[in-house]
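Basis for what follows: all heavy atoms, side chains included, without hydrogens, waters or symmetry-related copies.
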Amino acid sequence: MTWKKFTAYNSSPTVATYPELPENITILRLFLGLAYGISLGFRESSNDVTLKGAMGVIFGLNVITFLPIIYMNFYLNAATDTYKHLNFAGVQNALAVMMLLWIICFTMIHEGMENELKSALVKGMVNATMGGAGGDGAVGGDDVVAEVPVMQESEF
C-alpha cells in the first residue's frame, strides 16, 4: 500500500498516476468493516443499544460504502471517473467481514444463550426421533425430554 499517495491531500489521483487506488480503497473498506463489526457486536450486548439488527447492518453498509467515497472526493480530490468500478470496490467483502465479526463478538458475549439454544435443539431432536407428540405419557413425550442431559462445553 502506498501510504504517501493515499494520504496526500488534494493530490488528484487518476488511473495513470495512482493505479493502486482501488486496492487501497478496498483495504480501507475492510478495515472499516472490521472496526464496525467489532463495535456493533460489543455495543449490541449492552442495555442502551441504539443500533441493532437491520438498522445496524444498514448503517454499517453506509459507513463502509460512503466514507471512502467522501474521502476520495473531498480529501484526495480523485478523478473517480477515470477508474473502473472504484466507488463500490470491496463493499461486499467489507460487509462480509463486518457481519462475521458482529456474529463472533455477539456469540462470545452471549455464551449462556448459546447453551440454551443447544439444549433446545437437542430436546427438539430427541422429540423428533422418538416420535414425541408429548404430554399424554406416549412414547417420546415430555418424559423423554426431561431425561436428556444438557451438553457441556468441551475443547473438542
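Taken from OH in Y36 to CG in N62, the straight-line distance is 9.0 Å, to the nearest 0.5 Å. The CE atom of M113 sits 11.0 Å away from atom CG of N115, with the distance rounded to the nearest 0.5 Å. Interatomic distance, D81 CG to Y83 OH, rounded to the nearest 0.5 Å: 10.5 Å.
Side-chain atoms of S39 never come within 3.5 Å of backbone atoms of A35 as a donor-acceptor pair (strictly under, hydrogens ignored). The closest donor-acceptor contact from the side chain of T26 to the backbone of P22 lies under 3.5 Å. Using modelled atom types, no side-chain atom of Y75 and backbone atom of N10 make a donor-acceptor pair closer than 3.5 Å. Looking at T129, its side chain does come within 3.5 Å of a backbone N or O of V126 through a donor-acceptor pair.
No side-chain heavy atom of L117 sits under 4.5 Å from any side-chain heavy atom of E114. In this structure, M98 and L95 have side chains that are in contact, with non-hydrogen atoms separated by less than 4.5 Å.
The two residues P68 and V63 come nearest to each other via the heavy atoms CD-O, 3.7 Å. Of all heavy-atom pairs between I38 and C105, the closest is CA-SG, 4.0 Å. Closest heavy-atom contact between L21 and P13: CD2-CG, 4.3 Å. Residues R29 and I64 share a closest heavy-atom pair of NE-O, 3.0 Å.
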Notebook entry, point to check: Would N24 and K5 count as a side-chain contact (heavy atoms from CB on, under 4.5 Å) if you check the C-alpha gap in whole Å, the side-chain angles of each, and the deciding distance to 0.1 Å?
Noted result: CA-CA 10 Å; N24 294 346; K5 289 182 182 179; over 6 Å; no

Item checked: Pair F59-L40, side-chain contact (heavy atoms from CB on, under 4.5 Å): steps then yes or no -> CA-CA 10 Å; F59 190 74; L40 198 58; over 6 Å; no

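A continuous path of Ile, Leu, Val, Met, Phe, Trp and Tyr side chains, each step under 4.5 Å between heavy atoms, connects I25 with Y9, placing both in one hydrophobic cluster. Under a hydrophobic-cluster definition in which Ile, Leu, Val, Met, Phe, Trp and Tyr are linked whenever side-chain heavy atoms come within less than 4.5 Å, directly or via other members, L32 and L100 are assigned to different clusters. In terms of hydrophobic clustering, with Ile, Leu, Val, Met, Phe, Trp and Tyr side chains grouped at heavy-atom distances under 4.5 Å, I58 and L67 are assigned to different clusters.
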Enumerate, atom names and distances included, each donor-acceptor pair closer than 3.5 Å involving a side-chain atom of residues 85-93, sequence neighbours excluded.
none

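Annotation: F6 is in aromatic contact with Y71 [ring centroid separation under 6.0 Å].
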